[in-house]
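Structure record follows, encoded as C-alpha cells.
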Amino acid sequence: MPHQVTLQPSGRQFTALDDETVLEAALRENLALPYGCRNGACGTCKGKVLSGTVDYGAHQAETLTDTDKARGLALFCTAKPTSDLVIEAKEIGATQNIPVKTLPCRVEKMEKLAADVMALWLKLPSSERLQFLPGQYIDFMLKDGKRRSFSLANVPEEDALLELHIRHVPGGFFTDQVFGAMKVKDIVRINGPLGSFFLRESDKPIVFLAGGTGFAPIKSILSHAFHHGGSRQMALYWGAKSLADLYLAALPAQWQSEHGNFSFIPVLSEPGQQDQWSGRTGLVHRAVLADFADLSGYEVYACGAPPMIEAAKREFMAKGLPEAAFYSDSFAFQ
Ligand SMILES: Cc1cc2nc3c(=O)[nH]c(=O)nc-3n(C[C@H](O)[C@H](O)[C@H](O)COP(=O)(O)OP(=O)(O)OC[C@H]3O[C@@H](n4cnc5c(N)ncnc54)[C@H](O)[C@@H]3O)c2cc1C
Ligand code: FES
C-alpha cells in the first residue's frame, strides 16, 4: 500500500509506492536527499523519522545501530515506510534537476596507473552528454541486475570522455573483468550521475582526505575549483601504501606550485626501501589530526575505504569538526 512521506523542515510531500524505499520514492519524485552507496553501508542517507513506522531493510549493523533506531534514526536508502511518515532530511537543491540517465558507452582508452589501478575513459554516444557535479559517481550496469559504482574523475567542462580510476579487488566480479578481459572498443552500460558528494558553497577552509582511488572524485572537485578560481584555502591529504600507489601524485604537486591557496600532503602507510621516502608516514587521517589542533572552523571532504571514513569522522569530530561539516563518499561495496 502506498504511503505519504512528509519532509521536514520543508513540508514537501511525496508518495512511496509498494516496496519502495524512502530514498527511491524521493528520487523518483525529483526530491534530492543525501545518499552514497544505496545499500545500507555508508550512512550518508541516515535521517530521523519524526512520526510513523518503517521496515529498516537490510543494512550493516554498525551503520545503523540499535541505539540509532532507539533515537528514531533510519537509513532512507533501505527503509520502507509501513505507515505514513514525517521525516527530517535536508534536501539537496544542487542535484535536483540533473537527469539520471542509463547510457551505452564505448571503452575509449585504458591505462594502468599503478599495479592495481586502471584508468578507464568512456565515450558517450555522440548525441549524448552527461551533466554531473564534480564528485558524483556512475554505476556500471552488469549482468543479472548487478551494479558497480565508480566516481567520475574528469570535470563536467571536459565531458567528451568520462574518466574513472578503478582499483582491482582480486576475485571481484567486475574489477577482475576490467583487469582481465576488458579491452578498448568494448561497450558497457552506465547509469548516473549519482550521489551527493560534491562541493558545497562556503568560505570555510577545506581539508580533503583521499585514500587510494578516493582521489578520483577529489580530482574532479579540485580541477573544477581551480578552473573557476577563488581563494578558498584547501589542503589535500592523499594516503596510499607506497609511492607507486599515489598514482597521479605529480598532478596535485603541480596544483600546489600553481595555486597559493592549495597544499598537498602525500602520506605513505608502508613506504618501501625503493621509495626513499622522507615525507609523512602512517594513516592518512592521523596526519590531519597531527596538523590541526582544532577542526571546528573547517569542512572536510573525505573519500576512500569505509574504515578510513569512519575513523576520520569519529576522530575529527573529537577535534571539534561539526558533524554537518563532514562530507564523505565511502567506497562501500555491493
Ligand atoms: C559511491 C561509490 C563510489 C565508488 N568509487 C570508486 C572509485 O572511484 N574507484 C574504485 O576503485 N572503487 C570505487 N568504489 C568501490 C567499488 O565500487 C568496489 O570496489 C567495486 O564495486 C568492486 O566490484 P567487484 O565486482 O570487482 O567486487 P565484488 O565482486 O563486488 O567483491 C568481491 C569481494 O571483494 C570485497 N570487496 C569489494 N569491493 C571492495 C573494496 N572496495 N574494498 C575491499 N573489499 C572489497 C567484497 O566484499 C567481496 O568479498 C566506489 C564505491 C561506491 C559505493
Ligand atoms: S547507507 Fe544509505 S546511501 Fe549509504
Side-chain angles (χ1 to χ4, degrees), residues 21-24 26-27 32-47 54 56-65 68 73-80 89 92 112-120 122 132 134-154 162-182 188 190-198 210-221 240 245 247-248 302-310 327-334:
T21 64
V22 173
L23 179 68
E24 283 165 349
L27 294 176
L33 302 183
Y35 72 94
C37 69
R38 287 171 305 151
N39 63 8
C42 73
T44 306
C45 65
K46 198 185 280 185
V54 295
Y56 292 101
H59 60 83
Q60 291 192 8
E62 60 276 18
T63 308
L64 185 74
T65 61
D68 287 334
L73 299 174
L75 298 173
F76 294 135
C77 72
T78 57
K80 294 178 180 172
I92 302 185
K112 228 168 168 189
L113 298 177
D116 65 347
V117 180
M118 182 77 81
L120 273 192
L122 304 180
F132 65 95
Q136 288 193 291
Y137 70 93
I138 55 155
D139 271 357
F140 282 91
M141 316 284 280
L142 310 174
K143 284 192 198 123
D144 306 327
K146 287 192 178 81
R147 302 168 77 110
R148 294 292 185 268
S149 308
F150 291 91
S151 308
L152 292 160
N154 58 302
L162 304 179
E163 177 184 335
L164 307 160
H165 301 168
I166 298 190
R167 186 175 74 83
H168 189 196
V169 176
F173 178 79
F174 177 66
T175 59
D176 266 3
Q177 286 175 41
V178 173
F179 282 76
M182 187 178 274
V188 292
I190 62 153
N191 175 253
L194 301 167
S196 52
F197 186 66
F198 60 88
T213 46
F215 177 64
I218 290 176
K219 171 178 178 280
S220 177
I221 291 174
D245 300 314
Y247 53 85
L248 279 180
C303 188
M308 181 198 82
I309 302 287
E310 283 151 29
Y327 300 97
S328 63
D329 215 10
S330 175
F331 282 3
F333 29 92
Q334 279 75 10

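As the structure lists them, so they are numbered: ligands from 1, and atoms in each ligand from 1. Only this structure's heavy atoms are used, side chains among them; waters, hydrogens and symmetry mates stay out.
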Using a strict 4.0 Å cut-off to heavy atoms of Phe174, name the atoms of ligand 1 that fall inside it. 24 (P), 25 (O), 26 (O)

Less than 4.5 Å apart, side chain to side chain, heavy atoms only: is that true for Thr213 and Ile166? no

Heavy-atom contact check, 4.0 Å cutoff: does Gly195 meet ligand 1? no

For the pair Tyr35 and Leu194, evaluate side chain to side chain contact (heavy atoms under 4.5 Å, CB included) and give the outcome as yes or no after the intermediate values. CA-CA 8 Å; Tyr35 72 94; Leu194 301 167; 3.5 Å; yes

If we count only N and O atoms by modelled type, under 3.5 Å, do the side chains of Asp176 and His168 hold a donor and an acceptor together? yes

Is atom 4 (Fe) of ligand 2 less than 2.8 Å from an N/O/S atom of Cys45, whether that atom is in the backbone or a side chain? no

Between Phe331 and Phe150, is the ring centre distance below 6.0 Å? no

Ligand-residue contact atoms, ligand 2 with Cys42, heavy atoms, under 4.0 Å: 1 (S), 3 (S), 4 (Fe)

Are the side chain of Thr78 and the backbone N or O of His59 linked by a donor-acceptor pair below 3.5 Å? no

Atoms of ligand 2 less than 4.0 Å from Ala41 heavy atoms? 1 (S)

Ligand-residue contact atoms, ligand 2 with Gly40, heavy atoms, under 4.0 Å: 1 (S)

Which residue and atom name correspond to the protein heavy atom nearest atom 21 (O) of ligand 1, and how close is it? Arg148 CD, 3.0 Å

Does Ala216, backbone or side chain, put an N or O under 3.5 Å from an N or O of ligand 1? no

Decide whether an N or O pair under 3.5 Å exists between Tyr137 and ligand 1. no

In the protein, what heavy atom is nearest to atom 19 (O) of ligand 1, and what distance, to one decimal place, separates them? Val169 CG2, 3.7 Å

Within the 4.0 Å heavy-atom cut-off, what Ile166 brings close to ligand 1 is backbone

Under 4.0 Å from ligand 1, counting heavy atoms only, is it the side chain of His165, its backbone, both or neither? backbone

Is Ser330 in contact with ligand 1, taking contact as a heavy-atom separation below 4.0 Å? yes

Heavy atom of protein inside 4.0 Å of atom 49 (O) of ligand 1, strictly below: no

Using a distance threshold of 2.8 Å, state whether an N, O or S atom of His59 lies below it from atom 2 (Fe) of ligand 2. no

May I ask you to check if ligand 1 and Thr213 share an N or O to N or O distance below 3.5 Å? yes

Test salt bridge (charged side-chain N to carboxylate O under 4.0 Å, His left out) on Arg148 and Asp139; report intermediate values, then the result. CA-CA 5 Å; Arg148 294 292 185 268; Asp139 271 357; over 6 Å; no

So which heavy atom in the protein is nearest atom 43 (C) of ligand 1, and how far is it from that ligand atom? Phe333 CE2, 3.4 Å

Sub-4.0 Å atoms of ligand 1 with respect to non-hydrogen atoms of Ala332: 51 (C), 52 (C), 53 (C)

heavy-atom search around atom 12 (N) of ligand 1 in the protein gives Phe150 CE2, 3.5 Å

Please confirm whether Phe197 and Tyr327 have ring centers closer than 6.0 angstrom. no

Protein residue, atom and distance nearest to atom 52 (C) of ligand 1, heavy-atom basis: Ser149 CB, 3.6 Å

Gly172 heavy atoms within 4.0 Å reach ligand 1 at atoms 24 (P), 25 (O), 26 (O), 27 (O), 28 (P), 29 (O), 32 (C)

Under 4.0 Å, heavy atoms only, figure out whether ligand 1 is touched by the backbone of Asp329, its side chain, both or neither. side chain

Check: Ser151 N/O within less than 3.5 Å of ligand 1 N/O: yes

Could you list which atoms of ligand 2 come closer than 4.0 Å to a heavy atom of Gly43? 1 (S), 4 (Fe)

Report the part of Ser330 in contact with ligand 2, treating N, CA, C, O as backbone and CB onward as side chain, heavy atoms under 4.0 Å; options are side chain, backbone, both, neither. neither

Between CG on residue Leu27 and CZ on residue Arg38, distance to nearest 0.5 Å: 8.5 Å

So does Cys37 have any N/O/S atom less than 2.8 Å away from atom 4 (Fe) of ligand 2? yes

Residue, atom name and distance, where the atom is the protein heavy atom closest to atom 11 (O) of ligand 1: Arg167 N, 2.8 Å

When you measure from the centre of the six-membered ring of Phe174, is the NZ or CZ of Lys146 under 6.0 Å away and within 45° of the axis? no

Return yes if some donor-acceptor pair links the side-chain N/O of Tyr56 with the main-chain N/O of Lys80 below 3.5 Å, else return no. no

